[in-house]
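Note sheet for the following structure.
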Amino acid sequence: MWTVRAVQIEDLDKLETLIRSATRGLTTLQLDRAQLLDRVEQSVFAFSRTGQSTKDEPYVLVLANDESGELVGTSTIYAKTGGHQAFYSYRLVTKECSSKMLGVSQTRTMLVMNRVHDGPTEIGSLFLRGAYRGQGRGRWLSLARFTVIAAKRDRFAARVIAEMRGKAESDGRVPFWEAVSGRFVPVEFSVADAMSTVSKEFIEELMPEHPIYFNLLPIEIRESIGEVHDETHPALAMLQGQGFQKTDEVDIFDAGPVVSCATDEITAVKSSWMCRVDQVVDEKSILDEKPNAIVASMQNGFTSLLMTLGTDSLAVSVSAARVLGVEVGSEVWVTPLY
């Protein structure tokens, strides 16, 4: 049985194997073992603590086979950006300039470094092995993050953002990095982007303090700013379907768009609800239909299954109850898939 659940310390080896199979474009997953262990330990603590305050911590989910223990996907919620380190982005700012003497006017666009120390919640680091894509698994892995947010609402900020992957060439080159940011941070794009998930100190040390004018950039670079990688269009469309919209901010490394939505206005957050298990029934009593909901238990952190729900009562099978750790009367959270 497949589950999307909170990561555990025992998952470290398999999670490391999983992220090693991610493409270089998914730089937030390019962590060494020590960095990955640190993230996993922080997540385990985040799911286990009982306080309701918002802290700067990751909530890591994995898509796992309950019987074999195989991990085939992962996604993460970063409860708060800009905690002990600022959250950096470029803000697109326009300015009207004119000259009475010459009788001309011009609208100028600039990239202005934006620093946020008390920022929103961020979702990211989603990866699913290609062989397991389809059958709603990717959607489940993504939406389960909103189930966590709904169930632990006080742990998260009033707004949620996602930094979408920006334009890149087929050979992995990132045009914006080569034309702009890479001129100031003389390392490979993948190194800088991965290191920024560990420490952002080098951004403050090396990135330029002054605005960067669009007029000075090649036309192809200007046109790529705020656009997503070809492989990212489905993820962007899904988030837009949840209420996310593009903002005037872009990633400082690849110029991918930052999308945002008020937390309480996210469709999956609004439509999630807490209920109690009414029945635990024989497997044969459960209709074998297309799943229409995520059912999650907060026992042992977070465990969720895809299920087909009726309208009258919440009945779960014996095996589902075992995996979720629930019985009749137990509280669970439900999030519609569509």
Side-chain angles (χ1 to χ4, degrees), residues 1-22 26 28-29 31 35-49 55-66 68-81 121-129 132-133 135-153 155-157 160-163 197 235 238-239 242 263 266 268-269 272 291 293-307 320 323-325 332-337:
M1 184 178 293
W2 291 102
T3 70
V4 169
R5 59 170 174 79
V7 73
Q8 302 166 1
I9 296 295
E10 296 76 17
D11 294 321
L12 181 62
D13 290 340
K14 292 176 181 177
L15 183 59
E16 184 179 23
T17 299
L18 174 67
I19 69 170
R20 293 291 170 261
S21 67
L26 295 168
T28 57
L29 292 177
L31 305 174
Q35 294 162 348
L36 183 62
L37 174 60
D38 186 55
R39 183 175 295 184
V40 169
E41 287 182 332
Q42 289 182 55
S43 177
V44 170
F45 173 73
F47 274 109
S48 65
R49 73 180 179 91
K55 294 184 179 296
D56 179 11
E57 57 194 1
Y59 291 76
V60 180
L61 302 179
V62 291
L63 176 57
N65 186 300
D66 177 60
S68 67
E70 180 183 15
L71 303 187
V72 301
T74 184
S75 63
T76 301
I77 313 163
Y78 302 94
K80 191 174 191 60
T81 57
T121 292
E122 181 180 3
I123 56 172
S125 302
L126 190 152
F127 173 66
L128 178 62
R129 279 183 174 163
Y132 294 91
R133 293 171 189 170
Q135 300 183 340
R137 293 192 185 102
R139 188 176 187 85
W140 178 16
L141 193 57
S142 181
L143 292 185
R145 296 176 295 191
F146 300 132
T147 310
V148 174
I149 290 173
K152 297 180 178 292
R153 179 63 189 86
R155 301 277 190 92
F156 302 98
V160 178
I161 64 168
E163 291 182 289
T197 68
M238 197 204 70
L239 289 179
Q242 290 292 317
T263 305
I266 298 170
V269 174
S272 293
I294 298 168
V295 177
S297 166
M298 308 311 288
Q299 301 291 332
N300 300 316
F302 177 86
T303 306
S304 70
L305 297 174
L306 287 187
M307 297 177 60
V323 172
L324 293 173
V332 293
W333 279 82
V334 177
T335 303
L337 268 179

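Annotation for Ala162 and Leu239: closest pair CB-CD1, 3.8 Å, computed over non-hydrogen atoms. Contact record, Glu70 with Tyr132: OE2-OH, 3.0 Å, taken as the closest heavy-atom pair. In plain terms, the two heavy atoms of Tyr78 and Arg39 that are nearest each other are OH-NH1, 3.1 Å. A pairwise comparison of heavy atoms in Thr121 and Ala157 identifies OG1-N, 2.9 Å as the closest pair. In terms of heavy atoms, Ala144 sits closest to Val4 at CB-CG1, 3.8 Å. Annotation for Ser68 and Lys14: closest pair O-NZ, 3.6 Å, computed over non-hydrogen atoms.
Put simply, the side chain of Leu324 does not reach to within 4.5 Å of the side chain of Gln299, judged on heavy atoms. Between Val60 and Thr74, some side-chain heavy-atom pair lies under the 4.5 Å cut-off. The side-chain heavy atoms of Gln135 and Trp2, taken from C-beta on, include no pair separated by under 4.5 Å.
Of the possible donor and acceptor atoms, none in the side chain of Thr3 sits under 3.5 Å from a partner among the backbone N and O of Ser304. Panel note: side chain Arg133, backbone Leu128; a donor-acceptor pair is recorded below 3.5 Å. Proximity of a side-chain donor or acceptor of Arg139 to a complementary backbone N or O of Leu337 within less than 3.5 Å is detected.
Under the rule for a side-chain contact (heavy atoms from CB on, under 4.5 Å), the partners of Ser48 that lie at least two apart in sequence or sit in another chain are Phe45. Scanning for ring-ring contact (aromatic ring centres under 6.0 Å, His included) contacts around Phe302 gives an empty result, with sequence neighbours left out. Looking at residues two or more places apart in sequence or on another chain, you find a side-chain contact (heavy atoms from CB on, under 4.5 Å) between Gln8 and Arg5, Glu10, Asp11. Shown here are the salt bridge (Lys or Arg N to Asp or Glu O under 4.0 Å) partners of Arg153, two or more places apart in sequence or in another chain: Asp264. Residues satisfying the salt bridge (Lys or Arg N to Asp or Glu O under 4.0 Å) criterion with Glu41, sequence neighbours excluded, are absent altogether. Taking the side chain to side chain donor-acceptor pair (under 3.5 Å) definition, one finds that Ser297 meets it with nothing, sequence neighbours left out. Legend: residues meeting side chain to side chain donor-acceptor pair (under 3.5 Å) with Asp38, ordered by chain and number and at least two apart, are Gln42. Qualifying side-chain contact (heavy atoms from CB on, under 4.5 Å) partners for Thr335, counting only residues two or more places apart in sequence or in other chains: Thr147, Ala268, Ser272, Ile294. Evaluation of the side-chain contact (heavy atoms from CB on, under 4.5 Å) rule for Ala151 yields Met298, Trp333 as partners, not counting sequence neighbours. Qualifying side chain to side chain donor-acceptor pair (under 3.5 Å) partners for Ser142, counting only residues two or more places apart in sequence or in other chains: Arg145. Considering only residues two or more places apart in sequence or on other chains, Lys80 meets the side chain to side chain donor-acceptor pair (under 3.5 Å) condition with Asp118.
Classification of the Tyr59-Phe156 ring pair by plane angle, with boundaries at 30° and 60°, yields tilted.
Between Met238 atom CE and Leu143 atom CG the span is 5.0 Å, to the nearest 0.5 Å. To the nearest 0.5 Å, atoms CG (Leu18) and CG (Asp13) are separated by 12.5 Å. Distance CG/Leu37 to CG/Leu15: 10.5 Å, rounded to 0.5 Å.
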Step-by-step side-chain contact (heavy atoms from CB on, under 4.5 Å) determination, Thr76 to Phe127: CA-CA 10 Å; Thr76 301; Phe127 173 66; over 6 Å; no
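Sorted by first and then second residue, the pairs that involve residues 57-66 and meet salt bridge (Lys or Arg N to Asp or Glu O under 4.0 Å), not counting sequence neighbours, are Arg49-Glu57, Asp66-Arg322.
When Thr17, Leu36, Val7 are each tested for a side-chain contact (heavy atoms from CB on, under 4.5 Å) with Leu12, only one passes: Leu36.
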